[in-house]
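Here the structure is laid out as structure tokens; the discussion comes afterwards.
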Amino acid sequence: MNSQATKKIKTNTSVNIWLRILKTMFLGRLTEERLVRLYHQGKIFGGVYTGIGQEAIGAVSAHIGTPDDLYAPAIRNVTVHLGRGTKVLDVFRQYLGRVTGPTRGRDGNVHYGEMDKGVFAMVSHMGAMLSVLVGGVMARRRLGKSTMGFAYIGDGASSTGDFHEALNFASVFDVPILFMIENNHYAYSTPKEFQYRCQSLVEKACGYGMEGLEVDGNDVIKLYDQIKIILEKIRKNNRPVLLVCDTMRMRGHGEHDDASYVPKELLLKYKEKDPIHLLKKHLLNNDFACEQDLKKLEKECLDEINQSYKKALSEPMPSPDDLLEGVYAED
Amino acid sequence: MNSQATKKIKTNTSVNIWLRILKTMFLGRLTEERLVRLYHQGKIFGGVYTGIGQEAIGAVSAHIGTPDDLYAPAIRNVTVHLGRGTKVLDVFRQYLGRVTGPTRGRDGNVHYGEMDKGVFAMVSHMGAMLSVLVGGVMARRRLGKSTMGFAYIGDGASSTGDFHEALNFASVFDVPILFMIENNHYAYSTPKEFQYRCQSLVEKACGYGMEGLEVDGNDVIKLYDQIKIILEKIRKNNRPVLLVCDTMRMRGHGEHDDASYVPKELLLKYKEKDPIHLLKKHLLNNDFACEQDLKKLEKECLDEINQSYKKALSEPMPSPDDLLEGVYAED
Amino acid sequence: MPKTEMTYIDAIRSGLDHLLKDHKDVVVYGQDVGAFGGAFKATLGLQEKYGTDRVFDTPISESAILGSAIGMAMQGLRPIVEVQFVDFITTAFHQILNNAGTTYYRTKIPVPMTVRAPCGGGFGGGPFHSEELENFFCHIPGIKVVYPAYPSDARGLLYSAVLDPNPVIFLENKFLYRRIKEFILPKGEAVPIGVAQIRRTGNDAVILTYGAMVHESLHAAEQISAEGFEVMVVDLRTLKPYDIDAILSAVAATNRVMVVHEAWKTGGFGAELAALVAEHAFHLLDAPIVRITAPDCPVPFSPELERVYRPSVEKISEALLDLINY
Amino acid sequence: MPKTEMTYIDAIRSGLDHLLKDHKDVVVYGQDVGAFGGAFKATLGLQEKYGTDRVFDTPISESAILGSAIGMAMQGLRPIVEVQFVDFITTAFHQILNNAGTTYYRTKIPVPMTVRAPCGGGFGGGPFHSEELENFFCHIPGIKVVYPAYPSDARGLLYSAVLDPNPVIFLENKFLYRRIKEFILPKGEAVPIGVAQIRRTGNDAVILTYGAMVHESLHAAEQISAEGFEVMVVDLRTLKPYDIDAILSAVAATNRVMVVHEAWKTGGFGAELAALVAEHAFHLLDAPIVRITAPDCPVPFSPELERVYRPSVEKISEALLDLINY
Ligand SMILES: Cc1ncc(C[n+]2csc(CCOP(=O)(O)OP(=O)(O)O)c2C)c(N)n1
Ligand SMILES: Cc1ncc(C[n+]2csc(CCOP(=O)(O)OP(=O)(O)O)c2C)c(N)n1
Ligand SMILES: [Mg+2]
Ligand SMILES: [Mg+2]
């Protein structure tokens, strides 16, 4: 972070963290934009699912946790992975099915996670990872750590039975988890009106005896402060909290989907609220950074992405001979 | 109903329905008390699960519906069945595994229902019948009927994913169903404190965009009026409603369970609030019935039970040759 | 009547269309099947044509989808629900096994529901979008299971499934969706449930198979035909109840049996077929019964791994030669 | 060391007790397993002894129970969860199949969880409390499945299951809980996963079986011993991975094979055993492979029906005579 380079730059205790968050968002956005292009060039096996436009929630929450905390990201949370320290290189390896990647080619696209960074690799079944996180946090705390958990849930996933069981379980057992619903207005093609009929998903909180809050999921500055306050409470009370984050899926469900069912106005409205744009504006307007710094940061990210993609491409696929290796763990 | 027999008896439009409800409760209570004795005499194959002390909720709601309405009773809802017209004889046939019973010996104890009376036969899996009811009501309405649904849920069953999915589904599709949680303080041996952490289960209603109400599930008079008002709303708005009924399981989970984990005081408190006792007192205190009437009614019920048990006992078990009959429906 | 060329998925869409048109009691629902037309476009255009009342989207609630379909079916409708990928049915397996499968036996109320579920791999779907779960369904009493390999069968079996008074799991193969085409009539006929179809004749061995593996098996049979061996290929089409007569006749005609499927080996449906033959056609066998299946591991994502995971033409033809030369 | 007489359920309780005592990373939870001691009293007294921290009740949330156990196991605990009846696991089948079964393969993080599940009928439990679902588990990659028939095995396999780095489905038979007793040591040894046990020797035929049917098979074998035939009975004990060597040696020694289980026939685990033999011991067979199983119908409630539903000593011994005289 090179914000000290120019004279006029102000600083406060938060500037560093904002810049780290920005970097994570840049990395996420640019990596996924590259993946999008690769998909449409026919260079990706399987699908591409992005979190473009939703980077703030993952980036803020990834940077705010401690090394002992546990995360259960969902489809769109590339910034959780990157924020917790997963390399862009590993994202490409994963998408390209490389044996060097986090799932060694056994799983694809968004289904990765690195336990040494406290991140679970998701299964596809919506909601299923929530109780895994609950158990993970319970275990780490039993083992003497002060772990808390961060969960990411789509508006669509809130309709699953697993969502209900996990939130209730966490509440009954006083498991400190921040359950974040990223309400991005759609579940695949289905608008949120066909997913639930409460006014806001935050109304589900009281049914679990949890505190519930609604926030703007695209405004890093506010989000950071809000989550910080909530986390203090969570750690103090050992109680889960439900946080409903308003945001928008800016692309199709996956790149195979042109999302023509999404009204243009809605996309326009959220384009204005692009989290990267908002954070950059804030940093610039307050003289926490200058254009040059940000350009430089973006360039650094792009370089890393270019190099990573090239490197990943050059790496081997898993050997067919290893197909059956590791179906079971050995003692 | 012979309440006109004595001079001093007053009447109002509700008296007849109260007496019908009382009869259903008598039948339920006395049938189950007989089943309890039979169980402890070793005369029942399998288990016995009663709704003793919880008869009001089922009885009131069974009598308040129209012939087109659909019901999804749970373990303790013998009064739903009886109130909808199932014969005591059929209850005994069911428990005794008779081929003449509602499941022809294929299923046992509380797992019966008669579709011509609008009652689904439950499967054991807690919560699974709720969405079946939702679909049933949707179908009948599509077929032109003005059906609404009555669902019965335990406090324990509220923790299942199926509960969540079904309530949400009903809400999203505007399916008029009265979801009644019978909070009887225990799920098997597990007290309600280990089942949920909201103050009251009614707090789950808003999360589904439903109206929610709490009522005393043991007071027939109040319950009847309350449900009547709710039903008018449900039918008018075509919206589901969550009704949390406070009650108490007065025996073990099943008769194999002595429920020694239940504090005596709790049982005493609810013994005072016995729904049959309360209704009788109301009828007597207001001169809607006299002791004699009630004795007579009870006696009628007992006679029916005695005869039914004897008759059921005399009836055949299914023939082993029919084991494989009807695994599939024929065209 | 002029025939038109239809893909496997076209045929399914055509079948749904005819069913919705001819049967007022048919409704179609599931995740994204409405305006969007479904993840694989099997329902494209149907909501527009038949209204949101008969073709509609649901929340992500597999148990409520299946449970409500059971309830509708018990009231006389004929719901057709789509599970977006068969893999996700595991979140609500009790509604199939314990509820749909037992209802008629217990209550005499028929449950004429159809569950459409896209299956299988070969396209980089990874462990959660490529599964073949047929034996989980075949092992359940009270459930019928069909698995077409051709467009005409897909549509014809869909007609039969929907009009059947029992719950039918209608398995579709994603790999075949756009790869397999056939010239078929605009409407066509129902294909009866429970009847297998011989896709290739031959006396040197028989392959019992279904779904995508019908096509791989046919290729393999062609391949070794060049070496002078003629292999019969039986496309089961219905897995439950399966066509015992057709299987036993095929065994009688060939005396050598291979079973091919894309599902896991241990406890798979191929074991059932092998066990049937070992019990009822033992005296006809001249060689061990061979199973060519996916191995017992999650469906891998990387193309290099999936290539060896799925039974291939090469693997099948090699094993055929061994079988014939036993 | 003096041996004491223990029932099957006593042995499970004793095993849990030792595991909790010796391994700080073991926790036990599920519905009503705390103060109440579980629906079948397998955990009676354990909460009192080890605290509510290590032995505790949960809400009725099978998916959260299984999912949380996966999460705990991935963090290094060894959770043992009880599903009150195996029948209810179908509400959360994805946590077994898609989550527990694939995690190590995908991530190299072991999942040392044990799922205890009471199975089987014979006591008037009806369709939802009597099921035998073993092949649903055996068909899943990445999962181990054990099914003891004796107290010593129940405890010994529980030790192995809990200490195994993989998810293990530990199937218990309710019919045996209080019927089968054995004199065993206070602590005893682990019984290795994957090793079958010959319960009876004989050369005229072999029965491959497990769970409650081990005992019915032994009775049947005794019965026909009176007629001069000696039948070997192999108790598989582990269903996945099953003991191929023991099975093939038994076939070699007898040349006639019967498989007996209490689960449904079509697509059941017996099919797997038959298929194995038909593929790898075909040359050793002198007769068809016979499967004696429950028929394909929901488990009926009425004792008259369940009596004919469950494989009985009579049915087995009759079929044995046919097999031997083939
Ligand atoms: C249990 C289950 N059912 C269906 C799917 C298929 N599916 C994958 S993503 C998705 C939509 C998810 O929507 P949402 O939860 O809002 O997350 P978003 O994609 O908007 O981030 C669906 C239906 C699934 N993964 N799991
Ligand atoms: C999915 C599922 N898990 C477990 C059970 C076993 N079981 C049967 S009744 C019961 C307790 C039910 O409690 P509650 O819902 O409060 O109803 P109540 O018995 O109090 O009427 C349990 C755990 C079940 N039937 N279904
Ligand atoms: Mg969404
Ligand atoms: Mg209760």
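All of these numbers come straight from a predicted model, not from anything done at the bench. Naming: A, B, ... by sequence-line order, numbering from 1 per chain.
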Quiz item: Under the 3.5 angstrom rule, does the side chain of B/R98 hit a backbone N or O of B/E315 as a donor-acceptor pair?
Solution: yes
Practice problem: Could you please state which residues from residues 316-331 of chain B sit under 4.5 angstrom from chain D, measuring non-hydrogen atom to non-hydrogen atom, sorted by number, or 'none'? | Solution: B/M317, B/P318, B/S319, B/P320, B/L323, B/L324, B/V327
Give a yes or no on whether the ring-centroid distance for [X] and [Y] is below 6.0 angstrom.
{"X": "D/H215", "Y": "D/F175", "result": "no"}
{"X": "D/H261", "Y": "D/F269", "result": "no"}
{"X": "B/Y208", "Y": "B/F179", "result": "no"}

Quiz item: Which answer fits D/E306, side chain, backbone, both or neither, if we ask what part of it has an atom under 4.5 Å from a heavy atom of chain B?
Solution: side chain
Practice problem: State, without any angle test, whether B/Y112 and B/T86 hold a side-chain donor-acceptor pair at a distance under 3.5 Å. | Solution: no
Exercise. State whether a side-chain donor-acceptor pair under 3.5 Å links B/Y261 with D/D32.
Key: no
Under a 4.5 Å heavy-atom cutoff, which of [options] has the most pairs with chain B?
{"options": "D/D87, D/D296, D/T91", "value": "D/D87"}
{"options": "D/F88, D/F123, D/Y309", "value": "D/F88"}
{"options": "D/P298, D/S61, D/A92, D/G126", "value": "D/S61"}
{"options": "D/R307, D/Q31, D/Q84", "value": "D/Q84"}

Quiz item: So which of B/D107, B/T103, B/N109 actually passes side-chain hydrogen bond (donor to acceptor under 3.5 Å, both in side chains) with B/Q94?
Solution: B/T103
Practice problem: Taking atom NZ of B/K117 as the centre, report whether more than 12 heavy atoms of other residues, nucleotides or ligands fall under 6.0 Å from it. | Solution: yes
